Q: 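First the structure, then my questions, so here it is.
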Amino acid sequence: MPEIHLYRRLLGAGLLAAALAGGCTTTTMPLAPAAVEEASEVPGIEAPEFIPVVRYGRYTLVELARSATQRDLLLQTIDVSMPESTRATVGDGLRHALKRSGYQLCETAHAVTALYALPLPAAHLHLGPMTLRDALLTLAGPAWQLHADDRARQICFERPGDSATAEHPSEPPAAKTVQTFPPVPSASGDHP
């Protein structure tokens with residue numbers, strides 16, 4: 001009887017050794033240092049950037065590098081529900097969206113205070129999930145451009161035409177020319 005157990009053990013060990021030898025994994029040869037140098041010298045191919053990694057738990061490796069949202073705070077994802085108020089303004093919505101973002105609003109130009117005083121549309125009571133930049137642009141509307149002052153951590157809005165007049169206030173405004181075009185006939189052959 002002990003001989004049968006010995007044969008089973010030997011057979012099991014042999015099968016295990018064969019499975020490990022044949023294996024399901026493949027290994028690759030590490031690149032020689034000369035091959036890495038040659039790859040970095042080829043135009044159009046960038047050498048891989050070294051990013052340190054630390055083990056965080058049993059099966060998790062974490063890169064020791066800051067994320068894109070930590071580099072550019074306007075890329076952080078927000079999901080904001082505005083507090084319901086009958087007199088909520090765009091300025092209130094912008095300030096609420098900027099809470100805990102690290103930024104605050106500029107309150108310098110008179111034109112911007114007109115934006116802040118506009119009533120907040122009901123469609124803007126819940127924003128997100130979206131990036132902070134997209135939420136601010138949504139609240140301000142398409143007539144305003146967003147400018148971020150990263151040094152002072154301020155968000156400013158201006159109209160596209162206002163920046164040119166603010167830089168050159170002594171120049172008289174150019175006369176507006178209106179260009180008219182002849183009507184274009186429609187594809188169906190009807191005349192307007």
Side-chain angles (χ1 to χ4, degrees), residues 19-84 88-109 111-113 115-116 118 120-121 123-164 166-167:
L20 290 176
C24 297
T25 61
T26 58
T27 58
T28 58
M29 293 290 294
L31 292 176
V36 173
E37 290 175 9
E38 290 173 9
S40 64
E41 295 173 2
V42 176
I45 297 177
E46 297 179 15
E49 181 181 333
F50 175 73
I51 299 175
V53 177
V54 66
R55 183 173 301 279
Y56 190 78
R58 186 171 181 179
Y59 299 108
T60 306
L61 295 177
V62 177
E63 293 179 356
L64 297 176
R66 55 191 178 144
S67 66
T69 58
Q70 290 171 330
R71 285 189 293 261
D72 184 0
L73 293 175
L74 292 176
L75 291 178
Q76 57 188 304
T77 304
I78 64 168
D79 189 4
V80 178
S81 293
M82 305 294 172
E84 297 214 17
T89 63
V90 171
D92 295 335
L94 290 168
R95 283 183 202 88
H96 188 73
L98 287 172
K99 279 185 182 175
R100 302 185 55 101
S101 70
Y103 284 96
Q104 61 184 355
L105 283 178
C106 292
E107 307 220 13
T108 54
V112 175
T113 57
L115 167 68
Y116 296 162
L118 291 173
L120 185 68
H124 293 168
L125 290 177
H126 180 78
L127 296 174
M130 62 176 55
T131 63
L132 178 60
R133 178 184 307 274
D134 289 339
L136 296 173
L137 289 171
T138 300
L139 287 166
W144 296 88
Q145 289 181 343
L146 180 139
H147 295 284
D149 181 4
D150 291 328
R151 179 175 288 170
R153 294 250 174 115
Q154 289 187 340
I155 300 294
C156 303
F157 290 95
E158 67 180 26
R159 288 187 227 157
D162 288 349
S163 63
E167 292 174 9

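Just so we're clear, the structure is a prediction, and the values are computed from it rather than from any experiment.
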Q: Can you find a pair of side-chain heavy atoms, one from Leu94 and one from Gln104, that are under 4.5 Å apart?
A: no
Q: Would you say Thr138 and Met130 make side-chain contact, with heavy atoms under 4.5 Å?
A: yes
Q: Go through the steps for Asp72 and Arg133 under the test side chain to side chain contact (heavy atoms under 4.5 Å, CB included), then give the verdict.
A: CA-CA 10 Å; Asp72 184 0; Arg133 178 184 307 274; 3.7 Å; yes
Q: Minimum heavy-atom separation for Val62 to Tyr56, with atom names?
A: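 Minimum heavy-atom contact is CG2-CB, 3.4 Å.
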Q: Taking the side chain as C-beta and beyond, is there a heavy-atom pair between Val54 and Glu63 under 4.5 Å?
A: no
Q: Can you see which heavy atom on Cys106 is nearest to which on Gln154, and at what distance?
A: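 Scanning both residues completely, I find the closest heavy atoms to be SG-OE1, 3.4 Å.
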Q: Is it true that a side-chain atom of Arg71 and a backbone atom of Arg66 form a donor plus acceptor pair closer than 3.5 Å?
A: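 Yes, the answer is positive, given that a donor and an acceptor are paired below the 3.5 Å cut-off.
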Q: Going through the checks in order, is the side chain to side chain contact (heavy atoms under 4.5 Å, CB included) test met by Phe157 and His147?
A: CA-CA 6 Å; Phe157 290 95; His147 295 284; over 6 Å; no
Q: A side-chain contact here means heavy atoms from C-beta on lying under 4.5 Å apart; do Thr131 and Ile78 qualify?
A: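 With C-beta onward as the side chain, the pair stays apart.
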Q: Below 4.5 Å, heavy atoms only, C-beta onward: do Thr60 and Arg55 meet side chain to side chain?
A: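 Not touching, per the 4.5 Å side-chain cut-off.
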Q: Is there a side-chain contact between Leu125 and Leu120 in this structure, where contact means two heavy atoms from C-beta onward sitting under 4.5 Å apart?
A: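 When only atoms from C-beta onward are counted, Leu120 and Leu125 do touch, with a gap below 4.5 Å.
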Q: Do the side chains of Leu127 and Asp79 get nearer than 4.5 Å, heavy atoms only?
A: no
Q: Going by heavy atoms in the side chains, are His126 and Val80 under 4.5 Å from each other?
A: no
Q: More than 12 non-hydrogen atoms from neighbouring residues, nucleotides or ligands closer than 6.0 Å to CD on Glu84, yes or no?
A: no
Q: Looking at every non-hydrogen atom in both residues, tell me the closest pair between Ala143 and Pro160 and how far apart they are.
A: O-CD, 3.4 Å
Q: Looking at every heavy atom in both Tyr116 and Arg95, which two are closest together, and how far apart are they?
A: CD1-NH2, 4.2 Å
Q: Run through Leu73, Leu75, Leu98 and flag the one making a side chain to side chain contact (heavy atoms under 4.5 Å, CB included) with Leu132.
A: Leu98
Q: To check you understand the geometry: which heavy-atom pair defines the closest contact between Leu74 and Tyr103, and what is its length?
A: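 It is CD2-CE1, 4.1 Å.
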Q: Asp92 side chain to Thr89 main-chain N or O, any donor-acceptor pair under 3.5 Å?
A: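 Yes, the answer is positive, given that a donor and an acceptor are paired below the 3.5 Å cut-off.
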Q: Leu115 and Ala140: which non-hydrogen atoms are nearest, and at how many Å?
A: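 Minimum heavy-atom contact is CD1-O, 3.7 Å.
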